[in-house]
2 protein chains.
Amino acid sequence: MSSPDPFDRHDHAACRKRALAQAEAICAERLTPIRRRVLDLLLESHVALGAYDVLQRLQAEGHRAQPPVAYRALDFLVANGLAHRIERLNAFVACHRPEKCEAPAFLICRECNRVAETASASRRGALARDARALGFEIEQTVIEAQGICSGCRTS
Amino acid sequence: MSSPDPFDRHDHAACRKRALAQAEAICAERLTPIRRRVLDLLLESHVALGAYDVLQRLQAEGHRAQPPVAYRALDFLVANGLAHRIERLNAFVACHRPEKCEAPAFLICRECNRVAETASASRRGALARDARALGFEIEQTVIEAQGICSGCRTS
DNA sequence: AAACGAGACGTTATAACATAACAAGTGTGC
DNA sequence: GCACACTTGTTATGTTATAACGTCTCGTTT
Ligand SMILES: [Zn+2]
Ligand SMILES: [Zn+2]
Ligand SMILES: [Zn+2]
Ligand SMILES: [Zn+2]
């Protein structure tokens with residue numbers, strides 16, 4: 001089955017809870033309060049958050065944080081597969097299925113800025129074939145599609 | 001046939017000349033001296049250049065340029081399909097085949113930093129299918145693979 | 001010719017994104 | 001205790017990108 005579609009309504013409270021539980025399973029005690037809070041901030045938001053957006057939210061909660069605090073937490077989450085960086089937006093989203101996530105691809109609505117995560121073809125596609133032909137060894141692939149979601153198109 | 005492989009040796013003087021000629025055919029008088037020069041700077045370099053790299057080179061040639069000069073030229077080139085932005089690197093490469101270029105994908109060597117342009121599957125792949133299923137209309141897709149090229153791997 | 005508008009470019013200033021470097025606190029194992 | 005790994009706090013700075021406004025040129029309109 002596919003990941004929850006952020007363009008669609010779903011039981012997001014449960015979705016968020018599950019993602020946090022998976023995060024704790026993956027990281028155990030390494031999911032410190034700051035990291036956990038940052039992950040939850042990403043889960044709360046269906047749009048990608050920039051590091052400074054995260055920082056502002058932390059500060060709004062009374063945490064006297066400086067930029068490295070946000071970047072470190074985000075870097076940790078990305079390194080552990082709990083969040084993804086969206087290059088196009090210089091921003092981050094939570095991964096909703098960290099246990100099954102491999103070779104993600106993203107659909108970014110230019111109107112509402114929401115980001116949907118989907119799975120990419122990975123080792124089978126034309127790109128992998130081309131790379132092999134060139135002797136290029138792919139380690140990681142960024143796939144980010146821009147466009148307009150169904151909700152925004154109809155309105 | 002595929003585009004010239006920057007990981008491979010080729011007659012780059014000719015390659016560059018052809019690309020410039022195609023650029024002039026596409027833009028006519030709109031390819032002003034600055035834009036032409038920036039395009040040529042990108043063609044000269046097999047690695048992606050950041051806007052400030054371009055800027056430095058312009059300044060080294062005696063041109064008293066400020067950042068917007070570089071960004072404007074690069075934006076123009078990208079808008080006209082003569083160059084591509086590599087999101088992962090916040091940098092730009094010239095397109096070697098602007099007339100035939102559609103849905104490009106990139107292979108980025110993390111060791112030598114060279115970037116090869118290839119063609120992506122476009123409307124047929126799993127991504128397009130997923131998007132259609134969600135009612136998402138894709139307008140543009142960024143595909144950037146990181147890895148290691150054959151030259152760098154063997155050495 | 002004078003007025004106008006579009007497009008390119010010059011210039012200043014500032015916004016937005018990201019990291020280097022070092023200090024200090026915590027816990028674990030020796 | 002002490003070394004070590006890891007996390008966090010904090011200051012400062014580096015890097016990437018754009019807003020805003022002025023000027024110049026050229027071709028079109030009046
Ligand atoms: Zn994911
Ligand atoms: Zn939308
Ligand atoms: Zn191209
Ligand atoms: Zn290489």
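The chains referred to below are lettered A, B, ... by the order of the sequence lines, with proteins before strands, and numbering in each begins at 1. Remember, it's a predicted structure, so these values are computed and weren't measured experimentally.
- Atom CG in A/Leu55 sits roughly 15 Å away from atom P in D/dT8 (whole-Å rounding).
- Two residues are said to be in side-chain contact when any heavy atoms from C-beta on lie closer than 4.5 Å; A/Arg132 and A/Glu137 fail this criterion.
- Between the P atom of C/dC17 and the CD1 atom of A/Ile86 lies a distance of 14 Å, rounded to the nearest Å.
- When each of B/Asn90 and B/Gln66 is assigned the nucleotide of DNA chain C with its nearest heavy atom, B/Gln66 is the one assigned upstream, toward the 5' end.
- Rounded to an integer number of Å, the gap from NE2 of B/His63 to C1' of C/dC9 is 8 Å.
- Other residues, nucleotides and ligands contribute at most 12 non-hydrogen atoms within 6.0 Å of the CD atom of B/Glu102.
- Between the CG atom of B/Leu58 and the C1' atom of C/dA8 there is a distance of 15 Å, given to the nearest Å.
- For the pair A/Arg85 and A/Glu87, the salt-bridge criterion is met [side-chain N within less than 4.0 Å of a carboxylate O].
- If you take CG of B/Asp75 and C1' of D/dT16, they are 13 Å apart, rounded to a whole angstrom.
- Put simply, the side chain of A/Tyr52 and the base of C/dA15 share no donor and acceptor less than 3.5 Å apart.
- In this structure, B/Leu89 places its CG atom 18 Å from P of C/dC17, rounding to the nearest Å.
- In this structure, A/Arg85 reaches the C/dA18 phosphate: one of its side-chain N or O atoms is under 4.0 Å from OP1 or OP2.
- Atom CZ of A/Arg37 and atom P of D/dT8 are 15 Å apart (whole Å).
- Rounded to an integer number of Å, the gap from CD1 of B/Ile34 to P of D/dC24 is 16 Å.
- Between D/dG9, C/dA8, D/dA19, one nucleotide has an atom nearer to the side chain of B/Arg35 than all others, and that is C/dA8.
- A centroid separation of 6.0 Å or more is found between the aromatic rings of B/His84 and B/His96.
- Nearest to the side chain of A/Pro67, among C/dA18, D/dT10, C/dT11, sits C/dA18.
- Ion pairing between A/Asp75 and A/Arg72 fails under the 4.0 Å rule for side-chain N and carboxylate O.
- Look at A/Arg64 and you won't find any side-chain N or O under 4.0 angstrom from OP1 or OP2 of D/dG9.
- When the side-chain nitrogen and oxygen atoms of A/Tyr71 are compared with OP1 and OP2 of C/dA18, one or more of them lie within a distance under 4.0 Å.
- The base of D/dT10 is paired with the side chain of A/Arg72 by a donor and an acceptor separated by under 3.5 Å.
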